[in-house]
Amino acid sequence: SGLNSTVCMAADEEGNLFAVCRGDAWSNHGRIYKYPAGSISGQSADENIFKEFDCRVLWMDFDENGDIIAWTANGFYKVAKDGASDPVYLFGKIGSTDQDGPASEAAFMDLYSFSVDSAGNMWCADFGAHKIKFIQKGEADDYSDAVVSTVVGEGASLNALGSGNANSPRGILANEDGTEVYFNDNDGMILYKIEVTFE
């Protein structure tokens, strides 16, 4: 009980369950909760707070090292899997328009969900921009040399999505090596599959 406004849940390789509660529009107090494997029932939410944010938390996934990548109202953050340190800001911001390029300059309109592959690359469903974004991780663990690009959407080589309200991606999932990516068009009620070839 007590998990208000839960937006996603994920389990790590050890079976621990994490829940993201986005926080409300007034306090902007988002949280990630951790429920150790085999010990979920009968516990209140306050006993299982893993990390707190001073902004809304909107989605999470695990990176290639098992650490948590969280998308918040202030951008992407990394949270160490042992929870020993404060969340570390990586990159990204929410804006009135989306912007590709170096991660340090990247903006997203309404990123709804994302998925991390085994190389640390991220595949993002930007509901507001009507686009699928690809974040290619470089050598740096803090994504300081990462690059953001549009792979599906207006102006991209794969133009499955247009700019109308009937083309609204929300959920996205990449397989482990990032060679297959699935996403849904919420308004069009269609599920898409992208077959990816890395050069």
Side-chain angles (χ1 to χ4, degrees), residues 2-10 12 18-34 45-46 48-117 120-138 140-151 153 168-174 183 186:
L3 294 180
N4 295 323
S5 301
T6 303
V7 290
C8 80
M9 301 180 78
D12 64 15
F18 293 80
V20 173
C21 294
R22 67 184 180 192
D24 58 50
W26 300 275
S27 67
N28 288 326
H29 190 66
R31 289 176 171 174
I32 297 177
Y33 295 84
K34 178 181 178 180
D46 287 344
N48 296 279
I49 296 171
F50 182 66
K51 282 298 164 188
E52 296 187 78
F53 293 76
D54 60 0
C55 60
R56 301 182 89 187
V57 185
L58 306 170
W59 202 262
M60 66 158 280
D61 198 4
F62 301 100
D63 69 9
E64 70 276 24
N65 300 313
D67 294 324
I68 292 172
I69 304 293
W71 170 247
T72 77
N74 293 334
F76 283 102
Y77 283 78
K78 178 178 279 194
V79 181
K81 58 186 170 185
D82 60 7
S85 57
D86 291 334
V88 176
Y89 172 76
L90 297 176
F91 68 93
K93 59 184 181 289
I94 296 176
S96 58
T97 184
D98 66 296
Q99 181 173 332
D100 291 347
S104 60
E105 302 173 9
F108 305 87
M109 290 184 68
D110 185 11
L111 196 155
Y112 215 91
S113 62
F114 68 94
S115 183
V116 185
D117 66 24
N121 302 314
M122 289 191 265
W123 303 84
C124 308
D126 193 327
F127 179 81
H130 313 285
K131 295 178 180 179
I132 302 300
K133 300 282 190 168
F134 175 60
I135 302 169
Q136 186 168 17
K137 184 181 180 186
D141 281 340
D142 64 357
Y143 287 83
S144 58
D145 56 352
V147 177
V148 180
S149 58
T150 297
V151 293
S168 304
R170 286 199 176 186
I172 192 164
L173 180 65
F183 68 93
N186 184 70

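Since the structure is predicted, the reported quantities are computational estimates derived from the model, not experimental observations. Residues take their numbers from the sequence shown, with the count starting at 1.
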Note: Asp145-Lys137 ion pair, threshold 4.0 Å (strictly below): no
Thr6 and Val20, any side-chain heavy atoms less than 4.5 Å apart: no
Side chain to side chain contact (heavy atoms under 4.5 Å, CB included) assessment of Trp59 paired with Arg22: CA-CA 8 Å; Trp59 202 262; Arg22 67 184 180 192; over 6 Å; no
Steps toward side chain to side chain contact (heavy atoms under 4.5 Å, CB included) verdict (Asp86, Phe53): CA-CA 9 Å; Asp86 291 334; Phe53 293 76; over 6 Å; no
Approximate separation, where rounding is to 0.5 Å, of Asp110 CG and Asp126 CG: 6.5 Å
Nearest non-hydrogen partners of Gly75 and Tyr89, listed with the distance: CA-CE1, 4.2 Å
Aromatic contact, Trp123 with Phe134 (centres under 6.0 Å): yes
Aromatic ring proximity, centroids under 6.0 angstrom, Trp71 and Tyr77: no
Worked verdict on Leu111 versus Leu58 for side chain to side chain contact (heavy atoms under 4.5 Å, CB included): CA-CA 9 Å; Leu111 196 155; Leu58 306 170; over 6 Å; no
For the student: nearest non-hydrogen atoms of Gly92 and Phe108, plus distance: CA-CE1, 4.3 Å
Thr72 and Asn74: CA distance, side-chain angles, deciding distance, side chain to side chain donor-acceptor pair (under 3.5 Å) verdict: CA-CA 5 Å; Thr72 77; Asn74 293 334; 5.1 Å; no
Nearest-0.5 Å distance, OG of residue Ser96 to CE of residue Met109: 7.0 Å
Atom OH of Tyr112 with >12 non-hydrogen neighbours under 6.0 angstrom: no
Distance, nearest 0.5 Å, that separates CZ of Phe183 from OG of Ser115: 13.5 Å
Approximate separation, where rounding is to 0.5 Å, of Arg31 CZ and Cys21 SG: 8.5 Å
Lys81 with Asp12: basic N within carboxylate O range, under 4.0 Å: no
Short N-O contact, Lys131 and Asp98, less than 4.0 angstrom: yes
Side-chain H-bond candidate by donor/acceptor type, Asp100 with Thr150, under 3.5 Å: yes
Smallest separation among heavy atoms of Ile132 and Pro169, with atom names: CD1-CB, 3.8 Å
Atom of Ala70, atom of Ile32 and distance for their closest heavy-atom approach: CB-CD1, 4.3 Å
Residue pair Val7, Val57: steps toward the side chain to side chain contact (heavy atoms under 4.5 Å, CB included) verdict: CA-CA 9 Å; Val7 290; Val57 185; over 6 Å; no
Ring center gap for Tyr33 and Phe18 short of 6.0 angstrom: no
Heavy-atom check, side chain of Cys124 versus side chain of Ile135, under 4.5 Å: yes
Smallest separation among heavy atoms of Ala103 and Val148, with atom names: CA-CG2, 4.3 Å
Test item: Leu90 and Lys78 side chains (from C-beta on) under 4.5 Å apart, heavy atoms: yes
Gap separating the CG atom of Leu173 from the CG atom of Asp117, nearest 0.5 angstrom: 11.0 Å
Euclidean distance, Asp67 CG relative to Ser85 OG, rounded to 0.5 Å: 8.5 Å
Which atom of Gly83 lies closest to which atom of Lys51, heavy atoms considered: O-NZ, 3.0 Å
Aromatic ring pairing Phe76/Phe114, orientation class (parallel under 30°, perpendicular over 60°, tilted between): perpendicular
Exam field: side chain Arg170 to backbone Asn186, donor-acceptor pair closer than 3.5 Å: no
